[in-house]
A.B. asks: 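Let me give you the structure first, and then I'll get to my questions.
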Amino acid sequence: MKPLNPIGVILVLSLTLLLIFDFFPNLSFATATLNNILLLTIVLLVLIANLFKSNSDYRRNYFTVLLVNTYFLFFIALLTILGGESNVGISLDSIFIWIFFLYSFYKWRKSKLNNHV
């Protein structure tokens, strides 16, 4: 098993914090400055990750993408259960979230079938 990718971990943590701030904007530490810093961090890390990633890495990472997407689905459900409501309209009722999740599942399944042929 591959060790955790530090860039990926920071991206997931940053997105998790942004979701918390979106669902619960009245938290004392949820400031606009912190949100901007997190957004900038995400943009920079995505750019850095894409600069150093080879094409062969993408096929191996479909499972990781599926796992992260599943994490965010459950996390959105948890935030909703805890009484949060997204300011930007992120919810499990959104068709775009489900399309994105199903697409990542399809890509993972397709890569898994291609590896066994």
Side-chain angles (χ1 to χ4, degrees):
M1 181 171 216
K2 285 176 58 174
L4 292 175
N5 178 356
I7 291 177
V9 171
I10 294 170
L11 280 171
V12 169
L13 288 175
S14 298
L15 287 170
T16 299
L17 286 174
L18 282 175
L19 275 175
I20 292 171
F21 297 162
D22 179 47
F23 275 77
F24 299 102
N26 295 329
L27 293 175
S28 61
F29 55 89
T31 63
T33 303
L34 186 55
N35 284 345
N36 291 336
I37 291 171
L38 286 171
L39 285 172
L40 181 62
T41 301
I42 291 168
V43 169
L44 289 175
L45 288 175
V46 167
L47 290 174
I48 290 169
N50 284 327
L51 286 175
F52 296 109
K53 188 168 281 246
S54 69
N55 287 337
S56 64
D57 289 340
Y58 286 110
R59 191 157 80 216
R60 288 182 282 169
N61 287 332
Y62 286 134
F63 179 72
T64 304
V65 170
L66 181 65
L67 190 64
V68 169
N69 288 342
T70 304
Y71 161 75
F72 281 116
L73 279 177
F74 281 110
F75 195 67
I76 290 168
L78 176 67
L79 291 174
T80 303
I81 290 169
L82 292 174
E85 187 174 332
S86 175
N87 289 326
V88 295
I90 299 171
S91 74
L92 296 178
D93 295 336
S94 172
I95 188 73
F96 297 109
I97 287 179
W98 290 105
I99 289 171
F100 187 71
F101 179 75
L102 290 174
Y103 180 74
S104 66
F105 179 77
Y106 165 77
K107 293 295 279 185
W108 167 74
R109 185 72 179 142
K110 186 177 173 183
S111 73
K112 187 175 177 184
L113 290 174
N114 287 341
N115 288 338
H116 288 292
V117 173

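On a predicted model such as this, the values are computed, not experimentally measured, just so you know.
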A.B. asks: Verify the cluster assignment for I90 and F100: are they in a single hydrophobic cluster under the rule of side-chain heavy atoms below 4.5 Å apart?
C.D. replies: no
A.B. asks: Measuring from atom CG of N69 to atom CZ of F105, what distance do you get when rounded to the nearest 0.5 angstrom?
C.D. replies: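 If I round to the nearest 0.5 Å, the distance is 12.5 Å.
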A.B. asks: Taking ILVMFWY side chains as joined if any heavy atoms are under 4.5 angstrom apart, and letting links pass through other members, which residues group with F96?
C.D. replies: I95, I99
A.B. asks: With rounding to the nearest 0.5 Å, note down the distance linking CZ in F23 to CG in L18.
C.D. replies: 12.0 Å
A.B. asks: Report the residues that fulfil side-chain hydrogen bond (donor to acceptor under 3.5 Å, both in side chains) with S86, sequence neighbours left out, ordered by chain and then residue number.
C.D. replies: D22
A.B. asks: Determine the minimum heavy-atom distance between L92 and W98, stating which atoms define it.
C.D. replies: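 For L92 versus W98, the nearest heavy atoms are O-NE1, 2.6 Å.
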A.B. asks: Check side-chain hydrogen bond (donor to acceptor under 3.5 Å, both in side chains) between S14 and all other residues, then give those that pass, not counting sequence neighbours.
C.D. replies: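 Listed in chain order: nothing, the list is empty.
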A.B. asks: What are the two closest heavy atoms between V12 and F72, and how far apart are they?
C.D. replies: O-CZ, 4.0 Å
A.B. asks: How about Y106: does its OH atom have over 12 heavy atoms from other parts shown lying under 6.0 Å from it?
C.D. replies: no
A.B. asks: With sequence neighbours left out, write down each residue that passes side-chain hydrogen bond (donor to acceptor under 3.5 Å, both in side chains) with T70, or none if nothing qualifies.
C.D. replies: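 With neighbours one apart ignored, the set is empty.
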A.B. asks: So, using side chain to side chain contact (heavy atoms under 4.5 Å, CB included) as the criterion, who are the partners of L13 when residues are at least two apart?
C.D. replies: V9
A.B. asks: To the nearest 0.5 Å, what is the distance between CZ on F24 and CG on N26?
C.D. replies: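 Between atom CZ of F24 and atom CG of N26 there are 10.0 Å.
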A.B. asks: What about I76 and V88, same hydrophobic cluster or not, with Ile/Leu/Val/Met/Phe/Trp/Tyr joined at side-chain heavy-atom distances under 4.5 Å?
C.D. replies: yes
A.B. asks: Rounded to the nearest 0.5 Å, what's the gap from OG1 on T80 to CD on E85? Could you check?
C.D. replies: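 Answer for the OG1-CD pair, T80 versus E85, is 8.5 Å.
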A.B. asks: Donor-acceptor check, side chain of S104 to backbone of F101, threshold 3.5 angstrom: yes or no?
C.D. replies: yes
A.B. asks: List the atom of I97, the atom of S91, and the distance in Å for their closest heavy-atom pair.
C.D. replies: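 That closest heavy-atom pairing would be CD1-O, 3.2 Å.
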A.B. asks: Answer whether the closest heavy-atom distance between the side chains of L15 and V68 falls below 4.5 Å.
C.D. replies: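 No, every pair of side-chain atoms sits at 4.5 Å or beyond.
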A.B. asks: Hydrophobic side-chain clustering at under 4.5 Å (ILVMFWY, transitive links): who's grouped with F74? Put none if nobody.
C.D. replies: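 Noted: F74 shares its cluster with no other residue.
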